[in-house]
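These notes are about the structure you will find just below.
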Amino acid sequence: MRLFVSEGAPGSLPVLAAAGRAQGRAELLISTVGPEECVVPFLTRPKVPVLQLDSGNYLFSTSAICRYFFLLSGWEQDDLTNQWLEWEATELQPALSAALYYLVVQGKKGEDVFSPVRRALTHIDHSLSRRSCPFLAGETESLADIVLWGALYPLLQDPAYLPEELGALHSWFQTLSSQEPCQRAAETVLKQQGVLALRPYLQKQPQPSFLEGRAVSNEPEEEELATLSEEEIAMAVAAWEKGLESLPPVQPQQNPVLPVAGEKNVLITSALPYVNNVPHLGNIIGCVLSADVFARYSRLRQWNTLYLCGTDEYGTATETKAMEEGLTPQEICDKYHVIHADIYRWFNISFDIFGRTTTPQQTKITQDIFQRLVARGFVLQDTVEQLRCEHCARFLADRFVEGMCPFCGYEEARGDQCDKCGKLINAIELKKPQCKVCRSCPVVKSSRHLFLDLPKLGKPLEEWLEKTLPGSDWTPNARFIIRSWLRDGLKPRCITRDLKWGTPVPLEGFEDKVFYVWFDATIGYLSITANYTDQWEKWWKNPEQVSLYQFMAKDNVPFHGLVFPCSALGAEDNYTLVSHLIATEYLNYEDGKFSKSRGVGVFGDMAQDTGIPADIWRFYLLYIRPEGQDSAFSWTDMLLKNNSELLNNLGNFINRAGMFVSKFFGGFVPEMVLTSDDRRLLAHVTLELQHYHQLLEKVRIRDALRSILTISRHGNQYIQVNEPWKRIKGSEADRQRAGTVTGLAVNIAALLSIMLQPYMPTVSATIQAQLQLPPPACSILLTNFLCTLPAGHQIGTVSPLFQKLENDQIESLRQRFSGGQAKAPPKPAAVETMTTAGPQQIQVLMDEVTKQGNTVRELKAQKADKNQVAAEVAKLLDLKKQLALAEGKPLETPKGKKKK
C-alpha cells in the first residue's frame, strides 16, 4: 500500500494518525507530495490524502482511508461511530471550513472565528459529558475520535478556541493530542507552523458558505427532559417516594481512619507545600483545595477516606530563609508551619492530618527505603560538578540557581527545570547562572554523590504504568509528562546534597550529606501517616485494597509519577503506588504571575483580609480551576460569577424556595401532589445528579460544579413557570399546585445543599441549618434524588446566602493587590533593631563584612571601573546593615550635605 499525503492539507492529519494504529499489520509506504500533484489518474483535480491499495484501487476520502486502517488493526464497526462520521461530514466540516478560512485566509480572530464552530464544539462536549465516557463511542478510542480530532486539531491547538467551560471536550482533545501517532501526524502536516501551514491549501479552496444558525445534530433540538424514557421517569419517582428510609446508616467516624477489607478505601494526598513561603491562590487550587473537594465527596459516598498533607521542611530553601530572617532552620519551620496551617484552616480544608517532614519517622522510613535500594543495586556513586556561591559560602540547590535555559533560551529557568519548555536541566548547564540569594555568579566545584539508577528501574516502572494507566484517572497532562520522560530516556538522578538541614544519609563516606529533598519529600506522605497512626502500613503497604489519589500542579508530576514509584518499586516492599494522578495546569493572576516580593496577587494570608468569605474564594477558584490549560484569576470575573451564578442563580433559588415555605405555609413543607411535569423534573434532576457523580468519580471537579448550577437553573425556571406566589391566592387547586411546587423546590434546595458540601462547606451547612435538614441526609449523597423534607417537616429561619460584590469594592481590591503591598510603610525602627541572631550568625556576617571590605579596597587600589567599585560598595553597605540588625544596633543615618 502507498499513502500519499501533503504538508498543509488538513485531511492528512487523521489519516497519518490512523496509519499509526495499523503499523506492523501491513506494508505501508508513505509519500509526501505537493498540493498540485494529481495522484489519482481518473480525477481531474489534485486530491490528497490518497491511499493506493495493493490491488491498484484508490481510496481518496479521509474517513474511508481512516476506516481502512482501523479495520486492519482489528477494530469492529458500530452504529454510533457511523453516526459521528455522518455528523462530521454534514455538520462539523462546513462550520470548521468557515472558521479556518476566516482565521487563516482573512486574518480574523476571536469571536469571528469561534462563532461558526461554537454549537458544534458544544455538541461534542455535551455528548461526551452525557455519556461520561472518555471517547466518542465508548471507553476505547474509535475511528470517530481520530477523524474528529484530525479535523479539529488545526483550530483547537490554539487554546483561545477551546473554551475552559467545555471541560469534557478539553479532556478528550488533550488525551488524543498527547498520543504519539497524533503528535507525529501534527509534526508532519503542520511543520511547527501551526494553523498557518494550511494557508496555501485554504487559499485555493472556494470561500465557504456557512449558515450560522443551522443545527449541529440530526436529532431535533428539544429540551433534554423530553428525551427521558417512561422507565427512567418511573425509577426517579420510585426513588423519590422512598425518601429518607432508603438512606443507609451513617458510618461512625473512625479514629484513626483505617482501610477496611472488602470496602472502598481512598487515600488522598496534596503535594506538600514548601514551608519557607506563603501559598498563593494558584498553590491552593492546584493542590489542597482540589484534593479537599474530592475528600469531602468521598466521605459523602461513605468511602473510607484518609486525606493528608503537611509542610515540606528540609533543604536549602529553608536554610536560606532562616539566614534571611535570622532564625534557625527549625525555628523557620515552626513559624511557617503554623502560617500554612492557619491559611488552610481558614479555607476550610478538611485534612485528617496536616503534618510535617522534620520528624524521626521521616528519617526512619527514608533511610529504610534507601538501604533497601542500596542492597538491591539501585544506587550509584559518582562525582558531580555543582555550582557553589562563594559569596554565600554554600553549594546551591537547583532551585536557588537561575539562568538562561540551554534548550529554549528562557531567561528565568531554574537549576533543575525550565518552566517554559518543561525540560529537566542540570544547574551547570544554565547559561549566565546567578545565585538567587545574592545575584552573584556561582563557580563550578566537584563533590562525591549518590544516584538513583533510574535506567535500571525503567522496566519495572513501565510494567507498573502499563498495568496502572488503562482505566485510571490520570489527567492527560500527567500522562503526557511521564511519556515524555520515558521517550527521552531515563537517566540516573542525584539523591544527595551538601547540606546540613535534611535527612542524614546512612552510608559510610557520605555522613556529611543529606538526601536531596525531591527524593525524600514524597516519602513525607508515609511519615506523616506514621505520625498519625502506628498502623500506617495498612495504608501504604496495601496496594490491593487502597486507591491512592495524588493532587498537584503539573511541575510535580515527575516526582510522583516516576521518581517515587521507582524508589518504591526498587525497595520491593509492597508499597501502595499512585492509582490516580491529578495534575492541574497553572493559575495566573490577572495578566501576569503571582509575586510576593512585588506585592502582585492574592496570597493565602491576605484572602481573609478582603472581607470576602472563604466559600466565595473556594467557589471561584474551583470554577476557574486550570484543567487542560492555564487559567487566570480575574477580579472582574470573580464579581460577575458571584453576582450571576451565586447571587442571582443559586442563592436566589434556594432563598425563594425556603421563603415560600415560611411565608405561604407557616414554615411547614406542604403536601405534594406530583403532575407529569413534576415527575419529569424529578427524573431530570436525578439525571443531572448522576452526571455530577460520574464527573466527580472521574475527578472532573470543575465540570461537576456546573451540574450544581444547572440544577439550580432548572429550579429557578420551574418556580418562574409555575408562579406559586400567584397560585397561593387562587382556587383550592391553585393553592394545592403552589404547595406542590414549593415542596418540590425546597427539596431540590436540600439536595443542592448536599451537592455543594464538597465545594462550599460553610454555605452548605448554612442551608441545611435553615431547612433543618435531618442529620442522616446531611452526611450521605446517593445517586438518586430523594424526598428528604417530607410534608409536615418544619424548616428554620431563612435568610440570604450571598452578598453582592460592588464594582468599587472590587476595583479597590484590584488596586491593592496589583503591587501596592510592596510599597507598604516601613516597619518601626524598634522592630528592625531587635536582636534575633545568635553568636554564630553574627560571626558569619562579620567575616562576610571583612571579606567584602578587602574586595572593595583591592578594587580601589587597582583603580577599577567606577561602576564595578560602586556595586561592590553597595554589597558592603548591605552586609554592614545586616550585621547591625543582627547585633541589635540602631541603623546609622546616611551622611550627606545639609541643604541650605
* Asked: Do Glu645 and Arg713 sit within salt-bridge range, that is, some charged N less than 4.0 Å from a carboxylate O?
  -> yes

* Side-chain (Ser171) to main-chain (Gly167) donor-acceptor, under 3.5 angstrom -> no

* Does the Glu627 side chain pair with the main chain of Arg702, one donor and one acceptor, at a distance under 3.5 Å? -> yes

* Establish, for the pair Arg2 and Tyr58, whether the NZ or CZ atom is under 6.0 angstrom from the six-membered ring centre and no further than 45 degrees off its axis. => no

* To do: Check whether any side-chain heavy atom of Pro626 lies under 4.5 Å from a side-chain heavy atom of Lys554, and answer yes or no.
  => no

* Does NZ or CZ of Lys108 lie under 6.0 Å from the centre of the six-membered ring of Tyr102, at an angle within 45° of the ring axis? -> yes

* To do: Look only at the side chain of Arg618 and the backbone of Pro758, and say whether a donor-acceptor pair between them is shorter than 3.5 Å.
  => yes

* Asked: Would you call the rings of Phe294 and Tyr549 parallel, tilted or perpendicular, where under 30° means parallel and over 60° means perpendicular?
  -> tilted

* Asked: Can you tell me if Arg814 and Thr636 form a side-chain donor-acceptor pair at under 3.5 Å?
  -> yes

* What are the two closest heavy atoms between Leu176 and Asp145, and how far apart are they? -> CD1-O, 3.8 Å

* Asked: Within a reach of under 6.0 Å around CD of Glu411, are more than 12 heavy atoms found that belong to other residues, nucleotides or ligands?
  -> no

* Tell me, with the steps shown, if Ile624 and Ile285 meet side-chain contact (heavy atoms from CB on, under 4.5 Å). => CA-CA 9 Å; Ile624 61 168; Ile285 184 58; over 6 Å; no

* Between Arg479 (side chain) and Trp474 (backbone), is there a donor-acceptor pair under 3.5 Å? -> yes

* Asked: Minimum heavy-atom separation for Arg700 to Ala168, with atom names?
  -> NH2-CB, 2.8 Å

* Given side chains that start at C-beta, do those of Asn642 and Met638 come closer than 4.5 Å, heavy atoms only? -> no

* To do: Would you check if the side chain of Ser634 reaches a backbone N or O of Asp637 as a donor-acceptor pair within less than 3.5 Å?
  => yes

* To do: Decide yes or no for Leu689 and Met755: does some side-chain heavy atom of the first lie under 4.5 Å from some side-chain heavy atom of the second?
  => yes

* Side chain proximity check, Leu621 to Leu587, heavy atoms < 4.5 angstrom -> yes

* **Nearest-0.5 Å distance that lies between atom OH in Tyr589 and atom CZ in Phe594** => 7.5 Å

* Asked: What pair of heavy atoms forms the shortest contact from Phe653 to Ser712, and how long is it?
  -> CB-OG, 3.8 Å

* For the student: nearest non-hydrogen atoms of Ser12 and Val5, plus distance -> OG-CB, 3.6 Å

* Asked: Would you say Asn588's side chain and Lys593's backbone share a donor-acceptor pair under 3.5 angstrom?
  -> no

* Please state whether the rings of Tyr620 and Phe633 are parallel, tilted or perpendicular, taking 30° and 60° as the class boundaries. => perpendicular

* To do: Output yes when a side-chain donor or acceptor of His691 lies under 3.5 Å from a complementary backbone atom of Ser129, and no otherwise.
  => yes

* Quick one: do Phe480 and Gln183 satisfy side-chain contact (heavy atoms from CB on, under 4.5 Å)? Show the steps, please. => CA-CA 11 Å; Phe480 178 75; Gln183 290 179 345; 2.6 Å; yes

* Phe173 side chain reached by Leu166 side chain, heavy atoms, under 4.5 Å -> no

* Quick one: CD on Glu585 to CD on Gln174, what's the gap to the nearest 0.5 Å? -> 7.0 Å

* Asked: Taking 4.0 angstrom as the limit, do Glu180 and Arg483 come out as a salt bridge?
  -> no

* Between Ser707 and Glu688, do the side chains contain an N or O donor and an N or O acceptor separated by less than 3.5 Å? -> yes

* Structure fact -> Output for pair (Leu289 CG, Ile701 CD1), nearest 0.5 Å, gives 8.0 Å

* Structure fact -> Cys287 and Ala553 have their tightest heavy-atom pair at SG-N, 4.1 Å

* Asked: Just by modelled atom types, is the Phe4 backbone N or O under 3.5 Å from a matching donor or acceptor in the Ser31 side chain?
  -> no

* Whether Gln157 side chain and Pro154 backbone form a donor-acceptor pair below 3.5 Å -> yes

* Asked: Going from CG on Leu3 to OG1 on Thr32, what distance comes out if it is rounded to the nearest 0.5 angstrom?
  -> 9.0 Å

* Looking at Ile146, Leu128, Thr81, which one forms a side-chain contact (heavy atoms from CB on, under 4.5 Å) with Leu136? -> Leu128

* Structure fact -> The reported gap from NE2 in His684 to CD1 in Ile233 (rounded to nearest 0.5 angstrom) is 11.5 Å

* Could you give me the CA-CA distance, side-chain angles and deciding distance for Trp84 and Ser142, then say whether side-chain contact (heavy atoms from CB on, under 4.5 Å) is met? => CA-CA 10 Å; Trp84 274 114; Ser142 73; over 6 Å; no

* **Counterpart residues, side-chain contact (heavy atoms from CB on, under 4.5 Å), relative to Pro10 (two or more places apart)** => Leu198, Tyr201

* Taking side chain as C-beta onward, heavy atoms only, is Ile708 less than 4.5 Å from Thr710? -> no

* Is there side-chain contact between Tyr68 and Leu53, with heavy atoms separated by less than 4.5 Å? -> yes

* Does Ala583 offer a backbone N or O that forms a donor-acceptor pair with the side chain of Asn477 under 3.5 Å? -> yes

* Can a donor-acceptor pair be found between the side chains of Asp677 and Tyr718 at a distance below 3.5 Å? -> no

* Hey, are the side chains of Leu121 and Leu152 touching, using non-hydrogen atoms and a 4.5 Å cut-off? -> yes

* Asked: Has Glu231 got more than 12 heavy atoms of other residues, nucleotides or ligands less than 6.0 Å from its CD?
  -> no

* Using 30° and 60° as the class limits, which term best fits the ring planes of Tyr297 and Tyr692: parallel, tilted or perpendicular? -> perpendicular

* To do: Can you measure from CG (Leu51) to CG (Leu28) and round to the nearest 0.5 angstrom?
  => 7.0 Å

* Please lay out, stage by stage, how Leu709 and Tyr623 fare under the test side-chain contact (heavy atoms from CB on, under 4.5 Å). => CA-CA 11 Å; Leu709 300 173; Tyr623 195 96; 3.8 Å; yes

* Structure fact -> All heavy atoms of Ser631 vs all of Arg625, minimum pair found to be OG-C, 4.2 Å

